[in-house]
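Single-structure report; data block below.
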Amino acid sequence: MSECKIWSENEILKREQYREIQLSRLQETVTRAYEHVPYYKEKLKKAGLEPGDIKTLEDIEKIPFTVKDDFRANYPFGLFAVPKNQVVRYHASSGTTGKPTVVGYTKNDMDTWRELIARIVTMAGVTNQDTAQVSFGYGLFTGAFGLHQGLETVGAGVIPMSSGNTQKQIMIMKDFGTTTLISTPSYALHMAEVAREMGIDPKKDLSLKWGLFGGEGSTEAMRRQLNENWGLFATENYGMSELMGPGISGECLALKGMHIAEDHFIPEIIDPATGKILPPGEVGELVITPITKEALPVLRYRTKDITSLHYETCECGRTSVRMSKIQGRSDDMLILGGVNVFPSQIEEILINSEGIGPHYQIRVYKKGYLDKIEVDVELIDANVLDSFQQLENLTNTIKGRLRTVLGIDAKVILVEPRSLARFEGKAKRVIDLREEK
Amino acid sequence: MLIQQISVFLPNQKGHLAKVTKLLQENGIDIRAAVAFDTSEYGILRIIVTEPERALAVLLAEGFVAKISKIVAVEPEDRTGSLNELFCLLSDNDLNIDYTYCFVLRKKEMPYFAVKTNDLEKTAALLNGNGFKVVNLAEICEDKNCGL
């Protein structure tokens, strides 16, 4: 790992200092929400809670969760804690169904946002020597403006390229000497292909050093491809508009998870089924409470993202907690005989199993009181056709590996190649038949 | 002397076998012997065809999971105990049978026996040396172009 610069002293506080800051800021945030947002006042009252009841950091557990539907129910400005004359910026998420989620920022919120992005781009290697091309779409989406402002704060030269027009992207990249690429990982992979079609070898003909990717999940395999295709060092960062936008967490050069800005956010991991807080290191749904936001205080927001938290000091010197790569969405979680299972866990096993393809279909049903699961996978290796023994060995191997995450035996059904559904967008690979009837 | 046989993976779905046979017909490939073994979820179809290499290419191009494997085909004599002699001979010589099936050609009086063992070369040589008639693909294809 090359030397990893640290932007702010607030990234290397002692645990006790973080806890102190978090408690006082949590108390302020709960008070602000209670006093200025009628929706929260009612919600807290219903839970039998007054701002004064938050006496320790552990009292956060008493606060009811906020979910995306709370934003929808209060469209557009119902959750704002300040009058409109104090709002200097609006953003909104792309609502795939119904109304978008609207967020607002005061002047101080904008300063916080710049500061947090400055931390993230610094930990990802960017300095004032760099030229950064922002290839996120500019607009209501928080990604482009968020990164843009923080990159300026560290003194990098920002090219507000926006997304699309890929050939021009490559031309600018070459002519301006872009060293830093900001985009979604999938768009970056697409851009590398287009560059090669144009006769440009991104590794040799361009000067990319750093790639900061976000806006969608990615895998380690994608990271390798990004590094190889561009000859850059890829990091991932995380955020969502409801909580601020990008800037919540990002990877440092040690690549040991994404550092959360703990002086501005309190992270928790809960069991998505019961809502109970899980101990550090355990995998569950990420819940985040921003504790410095003025325009839009949000209490215990359920991100639906599945990850785990790690508190050990990082190789880079930062003491702030790290969240691991997002493993999936809690919406997709299955509960099988009391065990929580994410399709991504099943997917990982199947991808690493020989003889079968990467596509699958899962069916969950009940037999009597017992949960049963069937997994269809595509057979691709004809070499097992010599005997049923070999076919059986293949399914038994997969079954055994699946058992380690499922806790129960799955029925593994081999089907022909290309016979399972392909998905271009969000894959629907799980059919849960238990809820019918 | 070994015969190229094609094994095709068959999910237990209505009409799946017909997909294979239709494809082969469209490509002018003649099925000389066919047998399907199945479990509750899937089956393996084993066929002896004219032009096995081309038949495999055609099947793979259509997305079937298929491979060529070899078998030994013999023509036993028509008398009580001849099959027993065959299997005893293999067993006494430490040859293990993975599977076996018999198939009939109209112009022949006797059915053939296809045997897949753990050592096919040894099996063929052994049977040949002990008075069993081991047949090749050209004989099975009779007057048809066997592609060899």
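So that the names make sense, note that chain A is the first sequence line, chain B the second, and so on, each numbered from 1. Model, not experiment: these values are computed from the prediction.
In K22(B), the NZ atom is not crowded: 12 or fewer heavy atoms of neighbouring residues, nucleotides or ligands sit closer than 6.0 Å. Enclosure of atom CG in D94(B) is not indicated, since only 12 or fewer non-hydrogen atoms of other residues, nucleotides or ligands lie within 6.0 angstrom. At most 12 non-hydrogen atoms from other residues, nucleotides or ligands lie less than 6.0 angstrom from CG of D78(B). Summarising the local packing, CD of E216(A) is surrounded by more than 12 heavy atoms from other residues, nucleotides or ligands at distances under 6.0 Å. For CD of Q167(A), the number of neighbouring non-hydrogen atoms (other residues, nucleotides, ligands) closer than 6.0 Å is 12 at most. The environment of E26(B) atom CD is dense: over 12 non-hydrogen atoms of other residues, nucleotides or ligands sit within 6.0 angstrom. Environment of NZ in K70(B): sparse, with no more than 12 heavy atoms of neighbouring residues, nucleotides or ligands closer than 6.0 Å. Annotation: E348(A), atom CD; neighbour count of heavy atoms from other residues, nucleotides and ligands within 6.0 Å does not exceed 12.
The aromatic rings of Y42(B) and F388(A) sit parallel, their planes meeting at an angle under 30°, below the 60° perpendicular limit.
Only the backbone of D381(A) has a heavy atom closer than 4.5 Å to any heavy atom of chain B. In this structure, the portion of Y99(B) lying under 4.5 Å from any heavy atom of chain A is its side chain and not its backbone. If you measure heavy-atom distances from I413(A) to chain B, the contacts under 4.5 Å come from the side chain alone.
We find that K67(B) and D386(A) are joined by a salt bridge, their nearest charged nitrogen and carboxylate oxygen being less than 4.0 Å apart. Taking a cutoff of 4.0 Å between a charged side-chain nitrogen and a carboxylate oxygen, E62(B) and R418(A) do not qualify as a salt bridge.
In this structure, the separation between CZ on R46(B) and CG on L385(A) is 7.5 Å, given to the nearest 0.5 Å.
With chain A as partner, the option from I44(B), D98(B), L10(B), N12(B) having the largest number of non-hydrogen pairs under 4.5 angstrom is I44(B). Comparing I380(A), L379(A), V384(A) by heavy-atom pairs within less than 4.5 Å of chain B, the highest count is held by L379(A).
Contact between E416(A) and F9(B) at its shortest, heavy atoms only, is N-CE2, 4.0 Å. The two residues V65(B) and A382(A) have their closest heavy-atom pair at CG1-CA, 3.6 Å.
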